[in-house]
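A, B, ... follow the sequence lines: proteins, then strands. Residue 1 opens every chain.
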Amino acid sequence: MNKVVKDAQEAIAGIKDGMTLMVGGFGLSGIPENCITALVESGIKDLTCISNNAGVDDFGLGLLLQKRQVKKMISSYVGENAEFERQLLAGELEVDLIPQGTLAERCRAGGAGIPAFYVPAGYGTEVADNKEVRVFNGKPHLLEYGMVADFAIVKAWKGDTHGNLIYRNTANNFNQPMATAGKITIAEVEELVPAGTLDPNMIHTPGIYVQRIFQGKNYEKRIERKTER
Amino acid sequence: MNKVVKDAQEAIAGIKDGMTLMVGGFGLSGIPENCITALVESGIKDLTCISNNAGVDDFGLGLLLQKRQVKKMISSYVGENAEFERQLLAGELEVDLIPQGTLAERCRAGGAGIPAFYVPAGYGTEVADNKEVRVFNGKPHLLEYGMVADFAIVKAWKGDTHGNLIYRNTANNFNQPMATAGKITIAEVEELVPAGTLDPNMIHTPGIYVQRIFQGKNYEKRIERKTER
Amino acid sequence: MALTKEQIAQRIAKELKDGYYVNLGIGIPTLVANYIPEGVEVILQSENGMLGIGPFPLQGEADPDLINAGKQTVTVLPGGSFFDSSASFGMIRGGHVDLTVLGAFEVTDKGDIASWKIPGKMVKGMGGAMDLVASAKNIVVAMQHTSKDGQSKLLKECTLPLTGVACVKKIVSDLAVIDVTDEGFKLLERAPGVTVDDIRKATEGKLIVEGEIPEMQF
Amino acid sequence: MALTKEQIAQRIAKELKDGYYVNLGIGIPTLVANYIPEGVEVILQSENGMLGIGPFPLQGEADPDLINAGKQTVTVLPGGSFFDSSASFGMIRGGHVDLTVLGAFEVTDKGDIASWKIPGKMVKGMGGAMDLVASAKNIVVAMQHTSKDGQSKLLKECTLPLTGVACVKKIVSDLAVIDVTDEGFKLLERAPGVTVDDIRKATEGKLIVEGEIPEMQF
């Protein structure tokens, strides 16, 4: 068993034009910086990206948008990216906006073999268009579907050679559910340690979900809104 | 905010005849021993118990069965309890047997506000009787419902005064999903520490789910099948 | 005198009870944290995956791995915890959060809310707002009673795309505190110096005024 | 000569590939762990919430908080992890486990399996078996080819309540290795000294025999 790859270039091998990717992170927190850079350099295009946000103009997934490598975004909030808004209004980009909790649960469900489930979020709104409505306990719910991706790309704080991952603070966010939902899951970590180093009670993502892992480098970890006392 | 109660007697206050309880544990591992003893002493009866197993004849939920306090068991496997089998065959006990993964997911869904979801487990078997069947990706699935309980009673290794819980090894099992699904959740822990002691990245059950917590005593932690090299 | 944003937040803070788990939205709702009454301990949830939001970090201590749902750097209080987004919305969807405070463009007298989209002008996305309003046990909206050009935002029907239907329980605007009841907007309190008539004029939806309406106390 | 239980386990172990995540059921399947081929690293999953099951503990080191799905005390290997039951079955249901080995009372030539209930005689429950068979990518059944009184357990239709339908991919019995194909039971290997005719007599379901059938190698 060998899941360790050298770097982001090696990790993204096999990602092709037109594929669907899940990309972890919330805003710029917990995004897989190394893999995003490698994707930008690769020139792979027509990607469908499932990611809560779309980065900012010049960082995160914004870099892929800038280079027009993204055909479609599936997100809950894209407000920080002006280029995104421009491409969307110009009809150059398809966008599927999904309530954040539904998006997270669709990833979790995809990974957990649950093809569909009911949630109340979005009932009575345009999100409900063309969706099945069903009443449970007197309250209308929408049928939502589990989601999987060709590749899920996540960022963790620590990882081991078996693919076990630990996230740090709010950099966990979508990384944990998305890690379960990739046909192939790539994890980049700040620190890669030998199997047996991490406490088995404190693993956020068990190694079974991770096919490729590497220690990333030069993390910028940009802060979107630095707020101090 | 004060969630700490003195002991199991105080913790189970408000549990009444006829109520539905979720009780954590797998076999005898991770069961809330103190609360079970308190329930036996209380004489509360006609209980519906949602628990993966039914204990053994003289330990765990077996003690409640012995005293005929249980009207109905909702479980996946009850094979270790002869008294259970006797009561069942004699028609003295109602039993709802549910595939283990479906049972766990129904608890998780109940806690997470998902009223229903589809799973493949049980399709084509007697478990599918009277259940809605729906095909996703060419495969038939059953509609299953989220479950909640009047009280969920769980056992953790460590807990803090805010109700945050950490489980140990395979004693986690059903405790974590059930903790989310009690209208009132009671946690008994081997060690109760002040809030701020536990690493916030390593909490299995966030305190929001726990209404009452106490440090249990005299844990027997009986082993069902001691197997050594 | 219409309330300032800070005063709206201050008034909402009086809704907090000891032991509450609270989700505060972006904008005015975030300010509510500054006015938590003495002796009341509330635990703030952030839908990006934490419980126990503390104050903003000290100078030089901002942590890129520790942000709130508005992407601001924050700190974590003792007893806090971190978890993933699906777990976070499980908490919200399951009704474990006691109180949700959020902003709105428009609210109706049936409790419908529009807060996420202005067609042709703004396409940012709903974020977690639809999940929050669909499942919260108790929703308080912090908002301006009217638009800058004087149009009411407390309506019979929303003109903007909805975030959720029949969900808002209470509104604290710059003019009034209002309960959303089965019969319509029920006026509870007036901003200091604001008359019932002022509020009536600023409210397009059905307004119920019963008895003497007290001024807000701060 | 019919295989012993140990030999059935030994033969199944040859199905393991390096890097496989494997769930071994109670009984013969558990014994498979003793025969993992050299140079092959597999990680064992236990549906009560762990990856990386190690050997039974040394004398005096049994831990009540560390058991397998059969409630036996076990150990955890480096790189292992613990998680709750819903996460564990998420793993199973999501198809992340490469191979599942379990026992059976009966299997049909369409891949149906009965393994959990004998009406009027045994009411133990299905445990995780229904979840496992409904979702595993690859299911190998370890079983006796016939009952003690010589009745075939490889049938056209199960006589006992089903655990799952059209799911079994391979059978290793005391007499044979058999693939379950769209056309029926396809005989792959014979136990040493057992003839094709012996197997034919012991198999009620449709048996496909093509060409020379080799003896199993150990």
Side-chain angles (χ1 to χ4, degrees), chain A residues 26-30 52-54 75-80 84-85 88-89 95 97-109 119-127 139-141 157 167-178 204-205 219-229, chain C residues 46-50 53 55-76 80 82-93 112-114 116-117 119-135 161-167:
Chain A
F26 178 91
L28 301 180
S29 192
N52 187 59
N53 309 93
S75 304
S76 88
Y77 190 83
V78 293
E80 284 92 355
F84 179 99
E85 204 159 352
L88 176 59
L89 293 171
V95 178
L97 289 172
I98 296 178
Q100 193 173 141
T102 299
L103 181 63
E105 191 64 21
R106 289 182 65 183
C107 297
R108 192 251 175 210
V119 291
Y123 170 75
T125 76
E126 64 183 56
V127 163
K139 188 170 171 174
H141 289 73
W157 180 39
Y167 308 99
R168 185 170 170 275
N169 300 354
T170 56
N172 180 335
N173 55 63
F174 279 82
N175 285 297
Q176 191 173 330
M178 285 180 173
H204 294 124
T205 295
Y219 281 105
E220 186 174 339
K221 296 180 95 169
R222 203 187 286 188
I223 294 177
E224 231 164 314
R225 295 200 185 142
K226 189 187 256 190
T227 321
E228 295 173 328
R229 255 178 282 179
Chain C
S46 193
E47 64 262 33
N48 56 318
M50 75 178 289
I53 308 176
F56 293 129
L58 295 171
Q59 295 284 332
E61 295 187 1
D63 178 349
D65 292 337
L66 184 36
I67 62 172
N68 65 16
K71 280 105 180 176
Q72 296 170 311
T73 47
V74 293
T75 56
V76 61
F82 299 106
F83 33 85
D84 74 79
S85 298
S86 71
S88 184
F89 281 93
M91 223 169 257
I92 290 166
R93 201 185 303 104
D112 300 348
I113 175 172
W116 74 281
K117 186 180 184 182
K121 267 175 105 173
M122 195 195 81
V123 278
K124 292 181 186 305
M126 68 291 284
M130 285 191 184
D131 311 274
L132 282 159
V133 301
S135 296
L162 293 177
T163 308
V165 294
C167 54

Look at the side chain of [X] and the backbone N and O of [Y], then say whether any donor-acceptor pair between them is shorter than 3.5 Å.
{"X": "Asp131(C)", "Y": "Thr102(A)", "value": "yes"}
{"X": "Ser29(A)", "Y": "Pro64(C)", "value": "yes"}
{"X": "Asn169(A)", "Y": "Ala171(A)", "value": "no"}
{"X": "Ser75(A)", "Y": "Leu97(A)", "value": "no"}
{"X": "Glu224(A)", "Y": "Leu28(A)", "value": "yes"}
{"X": "Thr73(C)", "Y": "Thr227(A)", "value": "yes"}

For chain A, the option from [options] that forms the most heavy-atom pairs under 4.5 Å:
{"options": "Glu47(C), Arg93(C), Lys117(C)", "answer": "Arg93(C)"}
{"options": "Gly127(C), Ala134(C), Ala166(C)", "answer": "Gly127(C)"}
{"options": "Gly49(C), Ala129(C), Ser85(C), Gly125(C)", "answer": "Ser85(C)"}

Handout entry: Contacts of type side chain to side chain donor-acceptor pair (under 3.5 Å), residue Asn53(A), not counting sequence neighbours
Key =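 So Asn53(A) forms no side chain to side chain donor-acceptor pair (under 3.5 Å) with any residue.
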
Practice task
Identify, with sequence neighbours excluded, every residue that meets side chain to side chain donor-acceptor pair (under 3.5 Å) alongside Gln72(C).
Solution key: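 In terms of side chain to side chain donor-acceptor pair (under 3.5 Å), with neighbours along the sequence ignored, Gln72(C) is linked to Asn68(C).
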
Handout entry: Portion of Leu103(A) that has a non-hydrogen atom of chain C nearer than 4.5 angstrom
Key =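 Answer is neither: Leu103(A) stays 4.5 Å or more from chain C.
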
Handout entry: Per-residue contact mode, Arg168(A) against chain C (heavy atom under 4.5 angstrom)
Key =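 Both backbone and side chain.
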
Of the listed residues ([options]), which shares the most heavy-atom pairs with chain C below a 4.5 Å separation?
{"options": "Pro120(A), Pro140(A), Gly124(A)", "result": "Pro120(A)"}
{"options": "Lys226(A), Gln176(A), Arg106(A), His204(A)", "result": "Gln176(A)"}
{"options": "Val127(A), Asn172(A), Thr170(A)", "result": "Thr170(A)"}

Let me know if [X] has heavy atoms under 4.5 Å from chain A in its side chain, its backbone, both or neither.
{"X": "Glu61(C)", "result": "backbone"}
{"X": "Ser88(C)", "result": "neither"}
{"X": "Ser46(C)", "result": "neither"}

